[in-house]
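One-based numbering along the sequence shown. Values reported hereafter were calculated over all heavy atoms of this structure, with side chains retained and with hydrogens, waters and symmetry mates removed.
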Amino acid sequence: MDVFKIINDFLTFQGRLEKQPFIKRYLIVFVIMYALITIGQSMQMPLLVTASSILVIPQMSLAVRRCHDIGLSWPKTVLILVGLIIPLVSLISLIFLCWGKSDPYRNQFG
């Protein structure tokens, strides 16, 4: 496996991402972020906690590609992204992304 291909897969905002790969990749990013925050707080290393905030970019990338797969327009996609930042609303947005039905037909995103 090419490491750059894997990293690019988490950072690209183009294309579509089906439900199951979205859930798997989102869990990977979430677990890494949670681990960095927990380790940083227990070792009292605020730099590590701050560095974990960089993982918001892969989370947003995965969410945008999932919105592409569902077939959402850009205003709705922006609404979902903003929803992922707000703590309680993020759970609702994430549930929508996980259980949203994929567009079975080809759309403007692929």
Side-chain angles (χ1 to χ4, degrees):
M1 288 182 137
D2 188 16
V3 175
F4 293 112
K5 185 179 182 304
I6 294 171
I7 292 172
N8 187 41
D9 190 41
F10 280 89
L11 297 177
T12 184
F13 285 84
Q14 307 233 332
R16 296 171 67 164
L17 189 61
E18 293 180 356
K19 190 184 307 186
Q20 189 173 10
F22 169 76
I23 293 171
K24 288 179 183 178
R25 292 173 185 160
Y26 200 89
L27 280 174
I28 290 169
V29 172
F30 181 78
V31 167
I32 292 171
M33 179 186 275
Y34 185 75
L36 285 175
I37 290 172
T38 304
I39 292 169
Q41 287 177 344
S42 67
M43 298 176 70
Q44 297 181 353
M45 297 178 66
L47 185 61
L48 193 58
V49 174
T50 305
S52 69
S53 65
I54 293 173
L55 292 174
V56 169
I57 296 170
Q59 285 181 329
M60 295 299 164
S61 165
L62 295 172
V64 166
R65 290 173 49 209
R66 181 69 184 130
C67 288
H68 289 175
D69 187 53
I70 295 172
L72 297 179
S73 62
W74 70 268
K76 292 177 184 174
T77 300
V78 170
L79 188 64
I80 292 289
L81 292 177
V82 170
L84 285 174
I85 296 172
I86 303 169
L88 186 57
V89 179
S90 66
L91 183 60
I92 296 166
S93 297
L94 191 58
I95 289 171
F96 174 76
L97 289 174
C98 289
W99 276 278
K101 188 175 179 182
S102 296
D103 185 5
Y105 303 106
R106 190 167 171 79
N107 62 20
Q108 65 185 0
F109 306 108

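Contact between Met60 and Leu84 at its shortest, heavy atoms only, is CE-CB, 4.1 Å. Contact between Ile70 and Gly100 at its shortest, heavy atoms only, is CD1-CA, 4.2 Å. Closest of all the heavy-atom pairs between Pro87 and Ser90 is O-OG, 2.6 Å.
No continuous path of hydrophobic side-chain contacts links Trp99 to Val89 [ILVMFWY only; heavy atoms under 4.5 Å]. Note: the hydrophobic cluster containing Ile54 does not contain Ile28 (ILVMFWY, side chain heavy atoms under 4.5 Å, direct or indirect links). Ile95 and Leu27 fall into different hydrophobic clusters, where Ile, Leu, Val, Met, Phe, Trp and Tyr residues are linked whenever their side-chain heavy atoms come under 4.5 Å apart, directly or through other members. Under the 4.5 Å side-chain heavy-atom criterion for ILVMFWY residues, a single connected hydrophobic cluster contains both Ile85 and Val64. A single hydrophobic cluster is seen to contain both Ile39 and Val56, as judged by linkage of ILVMFWY side chains at heavy-atom distances under 4.5 Å, directly or through other members.
In this structure, the side chain of Ser42 engages the main chain of Thr38 through a donor-acceptor pair within 3.5 Å.
Applying the side chain to side chain donor-acceptor pair (under 3.5 Å) test to Asp9 and every residue at least two apart in sequence or in another chain returns Arg25, Arg65.
Between Ser61 and Phe10, the closest side-chain pair of non-hydrogen atoms is not below 4.5 Å. Side chains of Leu94 and Tyr26 form a contact here, defined as non-hydrogen atoms less than 4.5 Å apart. The shortest side-chain heavy-atom distance between Arg66 and Ile80 does not fall under the 4.5 Å cut-off.
Atoms CG and OG1, from Leu62 and Thr12 in turn, are 10.5 Å apart once rounded to the nearest 0.5 Å. From Leu72, atom CG reaches atom OG1 of Thr77 across 5.0 Å, with rounding to the nearest 0.5 Å. Note: Ile37 CD1 to Leu55 CG = 8.5 Å, rounded to the nearest 0.5 Å. In this structure, Leu81 CG and Ser93 OG are separated by 9.0 Å, a value rounded to the nearest 0.5 Å.
Within a 6.0 Å radius of CZ in Phe13, other residues, nucleotides and ligands contribute more than 12 heavy atoms.
The aromatic rings of Phe30 and Tyr34 lie parallel to each other, their planes meeting at an angle below 30°, with 60° marking the opposite boundary.
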